[in-house]
Amino acid sequence: MKLGLVTAILDQMNYEQMMDTLSDLGFACAEVACWPSGKAERRYAGVSHIDVDRVLEDEAYAQHIVSYAKEKCVEISSLAFYPNTMDPEPEKRAANVAHLMTVIRASAKLGVNMVTTFIGRDQHKTVEENLELVKEIWPPILHLAEKLGVKIAIENCPMLFGRDQWPAGQNLMTSPANWKKVFALLPSENLGINYDPSHFVWQMMDYIAPIYEFKDKIFHVHYKDIKVYPDKLAQHGIMAYPLDFMAPKLPGLGDVNWSKFVSALTDIGYDGYTCIEVEDRAFEGSPEAVLNSLRLSKRYLEQFVI
């Protein structure tokens, strides 16, 4: 397995500065944020370390992206864009799908051949209604990915944290049951999972067993932790906004048993990209605090991943 970083946390850096930082810290790979320009609608979104439109238009720029990564000995594990492709507002939906398809084209051109994203969800519709949207929206996206040889790895984050995403969240692929339903509708070898165990923790779900069940669909892995506060959970209950009773933490500072998690990955022979995702508010006070979060996370996970 290769240990890397989701680059969205380095939002104040350009591509070269980000790659320099990862190289200096000894990371092997980077899941590179590729959002469109404009105002971010949520935390950790809106970051763009690679301009995917420019990749398709400017050959010199595309070659620079590839050569600089090689120079720094940091592989690009995927191009990352996490929108809601099934947004209830048609204009937002169309814009998100269009940019995702641009990211897919750029991933192919750069030879990365992996895109990490969400399946999306209309948060006001039922699971069954959203499955109908999947059948409508996703076949053209997958057709492009298949044509270009790009794998799409869907993260299992419910995108349900506060009132803006209430009541059902903005990502349908949040559980093994829903994974099966989506994979049945979209039986493509190019569609898989970006596996993040932390989201199963606060949903009170087993995050080990699905590794074995979906071993052929795990294309990419996230290392992020979640800490559930029992006293807050007792006060608010599981029907509350999730951030009322839990918080994202650095790996090793939450409730994920990382030795069991990585052990399961080795059981299935996973030898791909594994990227730390930092969303711990305790390490956001300064640029140095952010860098410390990367050092601490990497040091912890090197017990299991070299």
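Between I226 and P248, the closest side-chain pair of non-hydrogen atoms falls below 4.5 Å.
Within the structure, side-chain hydrogen bond (donor to acceptor under 3.5 Å, both in side chains) pairs that include any residue of residues 148-161 comprise E155-H199 (at least two apart or interchain).
Listed by chain and residue number, T116 satisfy the side chain to side chain donor-acceptor pair (under 3.5 Å) test with S78 (two or more places apart in sequence, or in another chain).
Using bins of under 30°, 30° to 60° and over 60° for the plane-to-plane angle, the ring pair F261/Y223 lands in the perpendicular bin. The aromatic rings of H64 and Y61 lie tilted to each other, with the angle between the two planes from 30° to 60°.
Aromatic ring centroids of W179 and F214 lie under 6.0 Å apart. Aromatic ring centres of F81 and H99: separated by under 6.0 Å. Side-chain rings of Y82 and F118 approach one another, their centers coming within less than 6.0 Å.
Here the straight-line distance linking atom CH2 of W138 with atom CD1 of I119 works out to 4.5 Å at 0.5 Å rounding. Considering OG of S293 and CG of L5, their distance stands at 8.0 Å, rounded to 0.5 Å.
Residues H49 and Q17 bring no donor and acceptor atom of their side chains to less than 3.5 Å of each other. Side-chain contact of Q165 with Q123: a donor-acceptor pair under 3.5 Å is absent, judged by distance alone.
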